[in-house]
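Here the structure is a predicted model, which is why all the values come from computation and not from measurement. Throughout, residue positions are numbered sequentially from 1 according to the sequence presented. Order of appearance sets the numbers: ligands from 1, and atoms from 1 within every ligand.
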Amino acid sequence: MTPEYSRSIPGVLKNALDWSARPYGEASFNDKPTAVVGTSQGGIATAAGQQHLRSVLLHYNALVLGQPEGYIQSTPGLFGEDGTVNDEGTAAFLRSIIEALVTLVERTAPAAVPAV
Ligand SMILES: Cc1cc2nc3c(=O)[nH]c(=O)nc-3n(C[C@H](O)[C@H](O)[C@H](O)COP(=O)(O)O)c2cc1C
């Protein structure tokens, strides 16, 4: 989950992603199912920043979830101090993204999913 900075991603996140791809040939996101979600106070709610993040992740060959896209406009009280999501509709939507990510994991790396 990322905030949006100047219609892109925070520099520290880009730097962390760059280092996740070193040493050369050992990129951490290679073939990894990945979901992108963002929140900001702005009306476009990180949509522009997320497009940049998707481009960066695809460069590292991450398996980026296409849908649902998660653009969460942060309003006062939406998130608690401990990160709790206080709005049930938003919480349900975030759960749907996690469920879609789990489905992507099952489709792309079935051996990595423990049997239950
Ligand atoms: C340098 C900077 C640039 C930002 N640029 C944007 C932006 O382009 N679009 C947006 O919706 N919010 C922008 N924000 C707001 C952040 O996405 C975020 O909502 C805000 O910083 C609160 O989160 P934080 O407490 O983690 O910093 C910016 C914030 C900072 C500090």
Side-chain angles (χ1 to χ4, degrees):
M1 191 156 190
T2 182
E4 178 176 84
Y5 278 9
S6 305
R7 301 291 181 262
S8 187
I9 57 175
V12 289
L13 177 57
K14 178 64 165 60
N15 188 246
L17 289 167
D18 292 338
W19 280 105
S20 80
R22 289 291 183 273
Y24 184 79
E26 295 180 29
S28 302
F29 279 91
N30 182 47
D31 268 341
K32 294 280 186 349
T34 307
V36 176
V37 182
T39 183
S40 79
Q41 295 142 359
I44 64 168
T46 74
Q50 287 191 46
Q51 293 309 313
H52 283 190
L53 180 54
R54 285 169 184 271
S55 295
V56 172
L57 288 168
L58 288 170
H59 172 70
Y60 296 133
N61 204 33
L63 305 177
V64 183
L65 183 70
Q67 297 290 339
E69 298 168 302
Y71 308 131
I72 311 296
Q73 186 170 18
S74 179
T75 50
L78 179 60
F79 298 103
E81 288 290 321
D82 60 354
T84 303
V85 182
N86 291 324
D87 175 70
E88 184 44 43
T90 303
F93 177 64
L94 289 170
R95 272 195 297 275
S96 77
I97 295 176
I98 299 298
E99 286 162 10
L101 179 62
V102 169
T103 300
L104 181 63
V105 170
E106 290 169 344
R107 275 179 31 214
T108 55
V113 180
V116 286

Requested in this report: Using a strict 4.0 Å cut-off to heavy atoms of Arg7, name the atoms of ligand 1 that fall inside it.
Outcome: 7 (C), 8 (O), 9 (N)

Query - Atoms in ligand 1 flagged as close to Ser40, the criterion being non-hydrogen separation under 4.0 Å - result: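 Under 4.0 Å from Ser40, ligand 1 has these atoms: 10 (C), 11 (O), 12 (N), 17 (O), 19 (O).
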
Query raised in the report: Hey, are Tyr71 and Glu69 close enough side-chain-wise for a donor-acceptor pair under 3.5 Å?
Result: yes

Requested in this report: Go through the side-chain N and O atoms of Tyr60 and Asp31 and say whether any donor and acceptor fall under 3.5 Å apart.
Outcome: no

Give me the residue, atom name and distance of the protein heavy atom closest to [atom].
atom	result
atom 5 (N) of ligand 1	Ser6 N, 2.7 Å
atom 27 (O) of ligand 1	Tyr5 OH, 3.8 Å
atom 23 (O) of ligand 1	Pro3 CB, 4.8 Å

Query raised in the report: side-chain contact (heavy atoms from CB on, under 4.5 Å) between Phe79 and Thr39: does it pass, once the steps are laid out?
Result: CA-CA 10 Å; Phe79 298 103; Thr39 183; 3.7 Å; yes

Can you check whether a protein heavy atom sits less than 4.0 angstrom from [atom]?
atom	value
atom 11 (O) of ligand 1	yes
atom 19 (O) of ligand 1	yes
atom 25 (O) of ligand 1	no

**Report entry** From the candidates Glu4, Gln41, Gln73, the one that places a heavy atom nearest atom 7 (C) of ligand 1
**Finding:** Glu4

Query raised in the report: Are the side chain of Ser6 and the backbone of Ser8 linked by a donor-acceptor contact shorter than 3.5 Å?
Result: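 Judged by distance alone, no pair lies under 3.5 Å.
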
Requested in this report: Spell out, yes or no, whether Val64 and Ile97 are grouped together once hydrophobic residues are joined by side-chain heavy atoms under 4.5 Å, including indirect joins.
Outcome: no

Report task. Indicate if Val37 and Leu17 have the same hydrophobic cluster label, given that clusters are the connected sets of ILVMFWY residues with side-chain heavy-atom separations under 4.5 angstrom. Result -> no

Report task. Could you say whether the N/O atoms of Thr39 and ligand 1 ever approach to under 3.5 Å? Result -> no

Requested in this report: Determine the sole option in Ile9, Ile44, Leu53 for which the side chain to side chain contact (heavy atoms under 4.5 Å, CB included) test with Glu4 is passed.
Outcome: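 Answer to the side chain to side chain contact (heavy atoms under 4.5 Å, CB included) test with Glu4 among Ile9, Ile44, Leu53: Ile44.
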
